[in-house]
Amino acid sequence: MRPGDLFAAHFLDHKAHGAPARFAEQLGESGLVTLDGLANRDAVLSFASRVMAVSPHRDSDPDGLTTIRDSPRYASLPGFAGLGSGQLDPHTERSSLPSPPRLMLLVCSQPADRGGECLLTDGRRVHADLVHEGGGEAADALSRPRTAYFGAGDGHASQVLSSHRDGRVSIRLRFDALARWSPIVQPHLPALRAAALDHQQSLRLEPGQGYLLDNQRWLHARSAFVGDRTHWRALGDPRFNLRHGFAPVAGAPQSPAGSCADHAVAGRKLSLNLMR
């Protein structure tokens with residue numbers, strides 16, 4: 001995909017008549033909306049409040065927005081890499097929570113002098129690759145309950161892929177020092193990382209431009225940068241109905257791991273201590 005195509009393919013005018021319904025529809029279909037014309041913090045907060053119930057974050061200001069910029073004193077700490085200038089791996093926002101926020105909004109205030117492109121990966125494509133990896137062995141292993149632990153001591157034991165009763169699938173992922181893995185999935189981590197990187201699409205945002213994504217479907221990352229790159233981020237749950245994750249690519253069978261309810265039952269039977 002040529003640079004700029006991703007932005008154009010998913011763009012919606014947030015000021016147009018009927019925009020809220022169109023946002024809900026597009027997020028349900030593709031999980032991603034790009035937008036423009038959010039020139040300042042107040043405009044970002046106003047838009048975020050219309051589409052989601054904004055949830056506070058460890059790094060957010062009192063209004064719920066987080067200013068993402070290079071803060072060297074934090075960047076070397078586990079879980080704080082987003083506040084540095086280095087490259088970020090593909091990840092799910094707030095993967096360490098039992099229920100991560102469904103929506104993430106990121107808007108550019110000032111781009112970097114060099115680098116700092118947003119890197120987005122559609123989890124639907126990652127899932128399709130894993131289903132066809134070794135006859136589905138990778139997808140099966142990565143769907144097994146409690147085979148990943150995301151976060152520090154107060155993190156959450158889960159799995160990379162979760163199947164839902166309606167046949168849809170959601171993805172949860174991180175690769176940093178706050179991810180721990182069961183021996184069951186460790187042989188499949190190279191294939192998982194390869195799929196997450198192979199399907200990355202680059203998006204360089206200009207001032208006032210941003211994207212809104214379904215955090216159960218899209219992984220986001222960032223290239224390293226130089227300069228005073230500043231973005232605003234909002235997290236929260238939608239003010240409209242949004243089905244879980246994504247529908248698998250046609251021809252890709254549902255993981256044999258079954259539904260989330262099945263995961264919960266199996267998880268209680270699985271004696272894996274991921275904290276060791």
Side-chain angles (χ1 to χ4, degrees), residues 10 12 14 20 23-35 38 41 43-68 78-83 88-108 118-124 126 148-152 154-162 164 168-176 178-179 196 203 205 210-222 231-246 260 263:
H10 294 273
L12 285 179
H14 68 95
F23 271 71
E25 180 182 9
Q26 186 160 309
L27 284 168
E29 291 177 354
S30 70
L32 178 65
V33 171
T34 57
L35 59 156
L38 299 177
R41 187 185 186 96
V44 173
L45 184 59
S46 176
F47 172 77
S49 299
R50 294 206 317 269
V51 298
M52 69 174 82
V54 178
S55 58
H57 183 271
R58 175 199 64 196
D59 308 316
S60 64
D61 295 318
D63 61 5
L65 293 186
T66 301
T67 302
I68 307 294
F80 284 84
L83 298 180
L88 294 182
D89 283 330
H91 64 283
T92 299
E93 195 63 42
R94 308 220 71 188
S95 59
S96 61
L97 295 181
S99 298
R102 283 301 306 274
L103 298 180
M104 172 184 163
L105 171 69
L106 188 73
V107 177
C108 175
C118 301
L119 304 172
L120 304 183
T121 301
D122 189 345
R124 186 171 185 255
V126 174
Y149 186 90
F150 298 128
D154 57 350
H156 183 68
S158 184
Q159 56 279 338
V160 173
L161 301 171
S162 295
H164 303 277
R168 294 173 70 87
V169 178
S170 56
I171 188 168
R172 180 197 297 241
L173 184 60
R174 69 190 301 158
F175 287 113
D176 64 4
L178 295 182
L203 185 63
L205 300 175
Y211 63 78
L212 177 69
L213 58 73
D214 182 349
N215 196 38
Q216 283 189 359
R217 172 166 179 171
W218 286 81
L219 305 173
H220 62 282
R222 181 193 69 206
H231 287 56
W232 292 302
R233 183 189 65 196
L235 303 170
D237 291 319
R239 297 190 181 279
F240 46 82
N241 292 328
L242 184 61
R243 296 174 69 187
H244 288 293
F246 52 88
C260 288
H263 284 173

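Note that CD of Glu25 and OG of Ser30 are 10.0 Å apart. Values are rounded to the nearest 0.5 Å. To the nearest 0.5 Å, the span separating CZ on Arg243 from OG on Ser170 amounts to 12.5 Å. Annotation: the span from Phe47 atom CZ to Leu38 atom CG amounts to 6.5 Å, rounded to 0.5 Å. Note that NE2 of His14 is 9.0 Å distant from OG of Ser46, once rounded to the nearest 0.5 Å.
Looking at Arg239, its side chain does come within 3.5 Å of a backbone N or O of Ser49 through a donor-acceptor pair. Under a 3.5 Å cut-off, the side chain of Asp214 and the backbone N or O of Leu27 do not form any donor-acceptor pair. Ser60 places a side-chain N or O within 3.5 Å of a backbone atom of His57 that can act as its donor or acceptor partner. Side chain of Gln26 to backbone of His10: a donor-acceptor contact under 3.5 angstrom is found. A distance-only check finds no donor-acceptor pair linking the side chain of Asp61 to the backbone of Thr66 [under 3.5 Å]. The backbone N or O of Gly245 lies less than 3.5 Å from a partner atom in the side chain of Arg168, making a donor-acceptor pair. A donor-acceptor pair under 3.5 Å is formed between the side chain of Ser55 and the backbone N or O of Leu235. Panel note: side chain Thr67, backbone Trp232; no donor-acceptor pair is recorded below 3.5 Å.
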Working for side chain to side chain contact (heavy atoms under 4.5 Å, CB included), residues Thr121 and His220
CA-CA 6 Å; Thr121 301; His220 62 282; over 6 Å; no
Could you go through the side chain to side chain contact (heavy atoms under 4.5 Å, CB included) check for Leu120 and Leu32 one step at a time?
CA-CA 10 Å; Leu120 304 183; Leu32 178 65; 4.1 Å; yes
Apply side chain to side chain contact (heavy atoms under 4.5 Å, CB included) to Asp89 and Asp176, showing your working.
CA-CA 8 Å; Asp89 283 330; Asp176 64 4; 5.8 Å; no
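Under the 4.5 Å side-chain criterion, counting only non-hydrogen atoms from C-beta, His91 is not in contact with Phe175. Between Met104 and Tyr211 there is a side-chain heavy-atom pair separated by less than 4.5 Å. At a threshold of 4.5 Å between non-hydrogen side-chain atoms, the residues Arg222 and His231 do not count as touching. Proximity of Thr92 to Arg174: side-chain heavy atoms (C-beta onward) are nowhere separated by under 4.5 Å. For the pair Leu35/Leu105, a side-chain contact is recorded, criterion being any heavy-atom separation below 4.5 Å from C-beta on. Between Val169 and His164 there is no side-chain heavy-atom pair separated by less than 4.5 Å. In this structure, Leu65 and Val44 have side chains that are in contact, with non-hydrogen atoms separated by less than 4.5 Å. Within the 4.5 Å cutoff, side-chain heavy atoms of Ile171 are placed close to those of Leu219.
Here the shortest heavy-atom pairing between Pro238 and Arg102 reads CD-CB, 3.6 Å. Nearest heavy-atom pair, Ser96 versus Gly151, reported as atom, atom and distance to 0.1 Å: CB-CA, 3.7 Å. Annotation for Cys118 and Leu205: closest pair SG-CD1, 3.9 Å, computed over non-hydrogen atoms. For the pair Pro100 and Asp237, the tightest heavy-atom approach, listed with the atom from each and the gap, is O-OD1, 4.4 Å. Shown here for Leu103 and Phe240, the closest heavy-atom pair between the two residues is CD1-CZ, 4.3 Å. Pairing each heavy atom of Arg217 with each of Phe246, the nearest pair is CD-CB, 3.8 Å.
Separation of the Phe150 and His156 ring centroids does not fall under the 6.0 Å cut-off.
At a cut-off of 3.5 Å, with distance as the only test, no side-chain donor of Arg172 or Ser95 sits close to an acceptor on the other residue.
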